[in-house]
Each structure stands twice: as C-alpha cells, then as structure tokens.
Amino acid sequence: QVQLVESGGGLVQPGGSLRVSCVVSGHTLHGYAMGWFRQAPGKEREGVSCINNNDGSTYYADSVKGRFTISKDSAKNTMYLQMNSLKPEDTAVYYCATDYSPEEYGGNICHPWSFSNWGQGTQVTVSS
C-alpha cells in the first residue's frame, strides 16, 4: 500500500523559510516522478515543483522560481520542498505526490491530473 505523509508545515512570517517533508512508503522514489502541489482556499490545486522521472528535469511554477527548491533523499525515501523568502500568497495546503508514469498536461507533468499517489497535505501559513 502506497502512503505519503507530509510534515513541516506551520506559521511563518513573510520573508521567512520553511521546509516541508514527505515520507513515502510502499514504493521507492527511484524511477518515480515526484511533485509538490498546493491549494489555497477557493482556488484550484496547482503544481509548485516537480521532478520528471524520464529525464530528471525539474519544473518550478513561475511564482516560486528562485525561492523554492525540490529535493529528495533516496536513503530515507523522503522528498522535500525548501521554501525561502515566503510571501503571504504562498499560504496554502501543500501536498506531495508521486507517479510511475505521469501523463503530460499543458506540456509538462506538473499537473494534479498527472499524479496518482497523494499525501494528506500540510498547512503553510505566511502571515505577520
């Protein structure tokens, strides 16, 4: 049974940093596409950052480029999203996701429809 468990969310002031983690069980990260998504109240879930398992390329949404970094620790079967220079508009529930063979939507795999395995989400609130 595949299970993804996020942690590390919380309240942070604008300009601050936070790292969210996602422990994956039921499959190894090797060979799987990975992604971080977020959903703010009243908005659709959007792709924040993804790693394509076919070519190893990394995608970042324009709104987070230069501020967020996706990474993984294969030994711990854990993926991370380091978030720096946080802004109030980054406030959302953050979800991790994996898929062995994600389809492309809109020219890339970092779309919620591309991923089949999901965590329960962790709340990130950026506020003073």
Side-chain angles (χ1 to χ4, degrees):
Q1 181 180 358
V2 177
Q3 191 173 17
L4 285 69
V5 179
E6 301 99 336
S7 62
L11 173 65
V12 62
Q13 291 187 342
S17 298
L18 205 61
R19 188 179 76 163
V20 290
S21 304
C22 174
V23 178
V24 179
S25 59
H27 71 73
T28 66
L29 289 177
H30 178 70
Y32 275 73
M34 303 177 292
W36 285 96
F37 298 80
R38 67 185 181 187
Q39 188 166 18
K43 294 188 177 181
E44 294 185 352
R45 192 170 299 189
E46 63 172 352
V48 175
S49 181
C50 296
I51 298 178
N52 190 323
N53 56 325
N54 287 328
D55 57 13
S57 60
T58 302
Y59 165 89
Y60 290 97
D62 288 343
S63 58
V64 306
K65 280 181 182 175
R67 300 188 298 123
F68 289 13
T69 304
I70 188 173
S71 63
K72 67 175 181 179
D73 184 332
S74 296
K76 296 181 179 179
N77 223 42
T78 300
M79 51 193 288
Y80 303 97
L81 183 69
Q82 177 68 44
M83 303 181 287
N84 299 328
S85 302
L86 282 161
K87 304 175 181 180
E89 51 263 43
D90 294 319
T91 295
V93 178
Y94 282 72
Y95 300 88
C96 60
T98 64
D99 198 279
Y100 187 73
S101 184
E103 294 187 27
E104 288 191 1
Y105 292 93
N108 72 81
I109 66 162
C110 209
H111 189 287
W113 295 350
S114 302
F115 287 79
S116 57
N117 304 314
W118 290 88
Q120 82 289 350
T122 186
Q123 177 70 46
V124 173
T125 302
V126 185
S127 175
S128 55

No-hydrogen, no-angle side-chain donor-acceptor test under 3.5 Å, Asp73 and Thr78: no

Q. Would a hydrophobic clustering, with Ile, Leu, Val, Met, Phe, Trp and Tyr connected at side-chain separations under 4.5 Å, put Met79 with Leu18?
A. yes

Residue pairs meeting side chain to side chain donor-acceptor pair (under 3.5 Å), one or both in residues 34-50, sequence neighbours left out, come to Arg38-Glu46, Arg38-Ser63, Arg38-Asp90, Arg38-Tyr94, Gln39-Arg45

Across all chains, not counting sequence neighbours, the side-chain hydrogen bond (donor to acceptor under 3.5 Å, both in side chains) partners of Ser101 are none

For residues 106-113, please give each side-chain donor-acceptor pair under 3.5 Å, one per line with the distance, not counting sequence neighbours.
unit_1	atom_1	unit_2	atom_2	d
Asn108	OD1	Cys110	N	2.6
His111	ND1	Trp113	N	3.0

So the disulfide bond (SG atoms under 2.5 Å apart) pairs with at least one residue in residues 53-82 (sequence neighbours excluded) are none

Sequence neighbours excluded, the answer for side-chain hydrogen bond (donor to acceptor under 3.5 Å, both in side chains) partners of Thr58 is none

Taken in chain and number order and not counting sequence neighbours, the residues that satisfy side-chain hydrogen bond (donor to acceptor under 3.5 Å, both in side chains) with Asn52 are none

The complete set of disulfide bond (SG atoms under 2.5 Å apart) pairs with one or both residues in residues 58-90, sequence neighbours excluded, reads none

side-chain hydrogen bond (donor to acceptor under 3.5 Å, both in side chains) filter on Ser85, not counting sequence neighbours, yields none

When rounded to the nearest 0.5 Å, the distance separating CG of Asn117 from OG1 of Thr98 is 3.5 Å

Original post:
Can you say whether the rings of Phe37 and Trp118 are parallel (under 30°), tilted (30 to 60°) or perpendicular (over 60°)?
Top reply: tilted

The complete set of salt bridge (charged side-chain N to carboxylate O under 4.0 Å, His left out) pairs with one or both residues in residues 101-111, sequence neighbours excluded, reads none

For Val23, the hydrophobic cluster (side chain heavy atoms closer than 4.5 Å, chained through members) also holds none

- Got a sec: does the OH of Tyr105 have more than 12 other heavy atoms crowding it under 6.0 Å? yes

The complete set of side chain to side chain donor-acceptor pair (under 3.5 Å) pairs with one or both residues in residues 9-24, sequence neighbours excluded, reads Ser17-Asn84

ring-ring contact (aromatic ring centres under 6.0 Å, His included) pairs touching residues 44-81, sequence neighbours excluded, are none

